[in-house]
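What follows is a short report on a single structure.
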Amino acid sequence: MLIVMKNSATAANIDAVVSAIQKKGFSAEKLPGKLRTAIGVMGNEKYVEQDQLLNLEGVKEIIHVTKPYKRVSREYKAENTLVKINDDVIFGTDEPVIIAGPCAVESQEQFTAIAEYVQKCGAKMLRGGAFKPRTSPYAFRGLKEEGLKIMSKVGKNLGMPIVSEILSLEDLPLFEKYVDMIQIGARNMQNFDLLEHVADLKKPILLKRGMSATMEEYLLAAEYILNRGNSKVVLCERGIRTFENSTRNILDLNTLALIQIESHLPIIADPSHAAGRFDVVPLLAKAGIAAGANGLIIEVHNNPAEALSDGKQSLTLKNFEKLMKELNLISS
Ligand code: PEP
Ligand code: MN
């Protein structure tokens, strides 16, 4: 960080800034110039809050040399982070990991039928919601613990890890017990308390991008988790809101690509929640992989017309099978 002083700043103003920096535990280096003096801040492991410094007399502006996020950035760690769920499922390699399953777990039969099928098609991990954040309070909100039990049992039988979304701090023990990876959904991306408590479980986390979050806000949310000593974070671009309303959201491939440059964390794409309709999901899935995604999370249902949640965007078993064949062609 660089603090640029006004050219009218006095030596006393400059010294006051230097000691304010030192009080924060950082070292300060005066960089006198022809017109004005700048002060370089060194040794800041973390992002330095700038407001107090900006208020000091003689300060013109503050230039951030480093990004507001640190631990998630490529500057901090150059090589890709690999997030290992088990020996078979590792995010961050050249091999995309496909996660598939229904939006919501509805019954043992439903989940088993979908899980067995997607596994045969090559999916490596299962998704399913047991605690569902629904726009309408009258909609199906999930089977709760029963849903997690079903997922856990089916996942164990098939040897497939499971991921499910947590909504509330009070459910932490259930998620610790039943799931291999904890999903923090778009609506909770900035629920900072939840981020920290989930991070403390030290399990892998699937952190979805908030539907209105900028890349910077998104990476700062991930920073909360890494700051708690948990770097097992997989990012997920799931579509953002724009003026365009012909699809549910817009899969932001720009940010999906840029994050791979900005951050060492793996990132996957969720074409289902981006599209909101099943017919564009396969094309978006392929676009996500082409843009470098380390995997996909796709909603699949054995009877989308009767699905209790997100049936409109769910692929049928056959459509999922077709997509997996096409994806294999792309990656081979
Ligand atoms: C989901 O995965 O079912 C879900 C609710 O996703 P998002 O948080 O991206 O809306
Ligand atoms: Mn859904």
Side-chain angles (χ1 to χ4, degrees), residues 97-106 110-111 114-115 118 123 125-137 139-144 147-148 150-151 161-168 171 175 179-191 194-195 198 204-213 217-218 221-222 225 233-242 247-252 255-256 259 267-278 280-281 284-285 288 293 295-316 320:
V97 175
I98 311 298
I99 308 172
C103 180
V105 183
E106 297 168 14
Q110 172 243 24
F111 195 72
I114 298 168
V118 297
M125 194 161 169
L126 296 170
R127 65 147 289 143
F131 295 83
K132 294 301 307 172
R134 302 305 299 273
T135 303
S136 163
F140 174 63
R141 292 163 75 184
L143 295 181
K144 314 269 166 33
L148 291 182
I150 292 172
M151 287 187 76
I162 60 168
V163 58
S164 196
E165 177 174 356
I166 190 167
L167 293 184
S168 162
D171 299 322
F175 281 78
V179 313
D180 303 287
M181 185 182 212
I182 302 176
Q183 177 173 323
I184 295 180
R187 289 155 194 82
N188 273 313
M189 186 207 86
Q190 285 189 314
N191 185 340
L194 186 65
L195 294 179
V198 171
I205 295 172
L206 182 64
L207 177 65
K208 290 192 149 197
R209 180 183 181 187
M211 58 197 83
S212 304
E217 289 163 343
Y218 187 25
I225 300 171
V233 177
V234 176
L235 301 170
C236 177
E237 165 55 42
R238 48 77 73 201
I240 53 169
R241 281 208 166 163
T242 72
T247 53
R248 184 173 176 181
N249 292 291
I250 299 295
L251 185 65
D252 182 1
T255 299
L256 177 76
I259 278 182
I267 182 163
I268 66 170
D270 175 347
S272 306
H273 291 89
R277 45 186 291 166
F278 77 91
V280 283
V281 167
L284 290 187
L296 299 168
I297 181 164
I298 299 176
E299 288 187 341
V300 180
H301 201 283
N302 53 347
N303 185 3
E306 302 280 324
L308 297 181
S309 176
D310 283 348
K312 221 173 116 206
Q313 68 200 30
S314 298
L315 295 186
T316 58
F320 179 71

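Numbering of ligands and ligand atoms starts at 1, following listing order.
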Query - I267 side chain reached by L256 side chain, heavy atoms, under 4.5 Å - result: yes
Requested in this report: For ligand 1, list the protein residues that place a heavy atom within a distance below 4.0 Å of one of its atoms, sorted by chain and number.
Outcome: C103, R127, K132, E165, Q183, G185, A186, R187, K208, R238, H273, E299
**Report entry** Note, I268 side chain near L206 side chain (heavy atom, < 4.5 Å)
**Finding:** yes
Query raised in the report: Would a line drawn from the ring center of F175 to the ring center of F131 be shorter than 6.0 Å?
Result: yes
Report summary line: Report for the Mn ion (ligand 2), protein N, O or S closer than 2.8 Å, by chain and number, lists C103 SG, H273 NE2, E299 OE2, D310 OD2
Query raised in the report: Looking at E165 and P133, what are the two nearest heavy atoms and their distance?
Result: OE2-CG, 3.5 Å
Requested in this report: Find out whether I99 and L126 are in side-chain contact, i.e. whether some heavy atom of one side chain is under 4.5 Å from a heavy atom of the other.
Outcome: no
Distance-only check: which donor-acceptor pairs under 3.5 Å involve side-chain atoms of residues 181-189, not counting sequence neighbours?
residue : atom : partner : partner atom : Å
N188    : OD1  : N191    : ND2          : 3.0

Requested in this report: Show your working on side chain to side chain donor-acceptor pair (under 3.5 Å) between E306 and H301 and close with a plain yes or no.
Outcome: CA-CA 9 Å; E306 302 280 324; H301 201 283; over 6 Å; no
Query raised in the report: Does R248 have any salt bridge (charged side-chain N to carboxylate O under 4.0 Å, His left out) partners at least two apart in sequence or in another chain, and if so, which?
Result: D310
Requested in this report: May I ask you to check whether over 12 heavy atoms, not counting those of K312, lie within 6.0 Å of atom NZ?
Outcome: no
